[in-house]
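In what follows, chains carry the letters A, B, and so on, assigned in the order in which the sequence lines appear, proteins first and then strands, with residues in each chain numbered from 1.
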Protein chains: 2
Amino acid sequence: MTLDEVVPARRGRAVTLREVAARAGVSIATASKALNNRQHVGAATRLRVQNAAEELDFSPNAMAQGMVSQRSGTVGLLTSDLVGRFSIPVMRGVEDAFGSEKMSVLLCDARGDRLREQHHLRALISRRVDGLIVVGARPDPRHSLGHLGVPVVYAYAPSDDPADMSVVVDEQAGGRMAVEHLVTCGRRRIAHITGDPSYGASHDRAAGALGALSDAGLALAGGEVMYGSWSEAWGRGATRLLLDRDPDLDAVFAGSDQIARGVLDALLEAGRKVPEEVSVIGYDNWEVLSLDSRPPLTTVDPGLENLGRVAALRLAAAIEGREGHGVEIQAGRVVTRSSTAPLH
Amino acid sequence: MTLDEVVPARRGRAVTLREVAARAGVSIATASKALNNRQHVGAATRLRVQNAAEELDFSPNAMAQGMVSQRSGTVGLLTSDLVGRFSIPVMRGVEDAFGSEKMSVLLCDARGDRLREQHHLRALISRRVDGLIVVGARPDPRHSLGHLGVPVVYAYAPSDDPADMSVVVDEQAGGRMAVEHLVTCGRRRIAHITGDPSYGASHDRAAGALGALSDAGLALAGGEVMYGSWSEAWGRGATRLLLDRDPDLDAVFAGSDQIARGVLDALLEAGRKVPEEVSVIGYDNWEVLSLDSRPPLTTVDPGLENLGRVAALRLAAAIEGREGHGVEIQAGRVVTRSSTAPLH
DNA sequence: CCACGTCGCTAAAACGTTTTCGGACCATAT
DNA sequence: ATATGGTCCGAAAACGTTTTAGCGACGTGG
């Protein structure tokens, strides 16, 4: 009996390997091997199967494949990031690293809600994701998800459990690089205006900045790090304060591009030329803010896309059994535009 | 023979229904029915199964479920949007509409590359997504994907094939609302600075604005719509030009929030008070730009999240057999902040 | 002529569920 | 005693694929 008689008319359903095999006049097993470039198939037969598959527009059912391989070919990306500021670059890094050839990304937005997070987690586990990347909304450590039965990599926000694997940006190095760049520009009276002091990153960046400053034998202009909020308004206000307190300041390191925008505006208003009299460097390289400011903003790019790539690489390794753990730190780089320049 | 002897020690693999059944001392069939709240299961038995599942931390294999139900419980979100400006709100709308209870989202970023798009498409088809939402990078019509065997809804950018189903924002109504708001504020000399003229949306918004203007018996200040680019720099330059050409202008409708920022800056520099002397309204409600400007920006919110919700609703309907077609238009709304105010 | 490999192919098992069908059992009515 | 009906439960098929084991046929060296 040939398979032909067994195959009923399909009503709207996808083409199956059985139908391909029937059309090529071979068994399902042979068809499978032919299409997957396995050996033990004659050249002529293979060609016949490939043609049949082509003609029927065959597309293998990934669920069925997943059943036998015990791999879903899927990773979960669990984010708490409301606006997607950080998750999108990470997501692109993930796609690049996995080649998106055999790995698809299941994206879930927990929106900072722990319940929703649990919910998504259950769904991902049920889908048998091969691995999971957890992207935090802010760089501070977050609670560990614990043992889930699949590898997990935390990106941007590290897990609070050192047994987990985390990949984060080096905030301290970022702060250091920013100030070093200003020092290289010949600046001597450098101030630091930054954001919410409840963010660990604020302090890390400040520590890096202070370190670079003391390495250069300089003191912080304004006397102290100016903590506030991640907003342009704070950048403006703090700058006015600073100008009062320390009129001969020649550079400002802003803790974010939003703050830097405020700094720029206040400086412009006070009649200080940027970058000639005062140089300004931001943090984040959020292009909608940094590209089109007056002047375009020199800023520290935290390298989120790279972060995503590294996270994906670590996840891929863990999936193949080479599990890692601990916090891996990735440095960013300074993107030089026109808001900083050598003195004179 | 009990099932106990059949169940081998599992090495790292997920708990299976067979194990739950064994622990509860029932057959797999009964266990399935018990957990899915099907009838024909005794109350005591059901409880025993539920407890067993709980104790073993059982999570049903979605792939296996998908095999029998012929549904993957998955929708694809195919985006071409580089920065995720539009896709993220849409994605949230999708999650909301589907409740994320039984539907997960497979996110793919084609990055404007047609080849990559084809590639992702194949992957999604192979995963047997129940439906597909295609989000464009700009509001202009895009090429149809054709017939894929699953329902497709185009969001933001409509398909060029009227047989497809598209959901887009009503750009013309947006332009109209913006000007109507300015007219309500008592403004009489209203100009319109907008972006790239190769965007259909530029012209749609302008048409809406012009319509509202003529309804109010007003002429466009500056004489013509000022097309340029979607940037702050263009907003600044165009404003200076405009101020020269028509010094007694009392309102500007900017085609994007970025442009509006430039307008605001140029106005400030020219010594014009906003909103008292000149009112400014933007478009997009991109909060990082609109919330923290001086003053905070009144702007047209295109309602992307709602767009995503509607797209998801239409997709859900199509999945259940109620297919639609044609272009559905969703209106946004004006978000009033401080950059517009009644005259006097 | 026999032993032995190799090649090309197929049947069947396995993956983890849901669902259909029928059987066992019990109570009640005839 | 037999029929009737209802309630619980289990065996088995089905979903679409990969993989393993095995079967002929053919060639090759003894």
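- Without hydrogens or angle criteria, B/Gln330 side chain to B/Val167 main chain gives no donor-acceptor distance under 3.5 Å.
- In the set D/dG10, C/dT10, D/dC9, D/dC9 carries the atom at the smallest distance from any side-chain atom of B/Val41.
- Checked for salt-bridge contact, B/Glu95 and A/Arg111 meet the test: a charged N lies under 4.0 Å from a carboxylate O.
- Nearest-nucleotide mapping onto DNA chain D: of B/Lys33 and A/Arg38, the residue sitting toward the 5' end is B/Lys33.
- Of the two residues near DNA chain D, A/Ala29 and A/Met67, the one whose nearest nucleotide lies more 5' is A/Met67.
- Contact between the side-chain N/O atoms of B/Thr45 and the OP1/OP2 oxygens of D/dC8 is not found at any separation under 4.0 Å.
- Not one side-chain nitrogen or oxygen of A/Gln65 sits closer than 4.0 Å to the OP1 or OP2 atom of C/dC15.
- Summary for the helix from C/dC1-D/dG30 to C/dT30-D/dA1: the axes at its two ends, each from 5 pairs, differ by 70° when rounded to the nearest 10 degrees.
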* Under the salt bridge (Lys or Arg N to Asp or Glu O under 4.0 Å) rule, what do B/Glu117 and B/Arg142 come out as? Steps first, then yes or no, please. => CA-CA 13 Å; B/Glu117 181 177 281; B/Arg142 50 153 292 150; 3.2 Å; yes
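- Minimum atom distance to the side chain of B/Thr30 is reached by D/dG10, of the listed D/dG10, C/dT18, D/dT18.
- Taking only side-chain atoms of A/Gln70, from C-beta outward, the nucleotide of D/dT19, C/dC15, C/dT18 with the closest atom is C/dC15.
- Here D/dA11 is the nucleotide among D/dA11, C/dC9, C/dT17 with the atom lying nearest to any side-chain atom of B/Ser27.
- Residues B/Arg116 and B/Leu121 are not in side-chain contact: their nearest non-hydrogen atoms beyond the backbone lie 4.5 Å or more apart.
- If you check the side chains of A/Asn51 and A/Arg48, you find no donor sitting under 3.5 Å from an acceptor.
- Checked options B/Val75, B/Leu77, B/Leu124; the residue passing with B/Val129 is B/Leu124 (criterion: side-chain contact (heavy atoms from CB on, under 4.5 Å)).
- Between C/dT17 and B/Ser69, no contact under 4.0 Å exists linking OP1 or OP2 to a side-chain N or O.
- Comparing atom distances between the A/Leu17 side chain and each of D/dG10, C/dC9, D/dT17 picks out D/dT17 as nearest.
- Here the nucleotide nearest the side chain of B/Asn61, chosen from C/dG16, D/dT17, C/dT10, is C/dG16.
- For A/Ile28, whose side chain is taken as the heavy atoms from C-beta onward, the closest listed nucleotide among D/dT17, C/dT19, C/dT17 is D/dT17.
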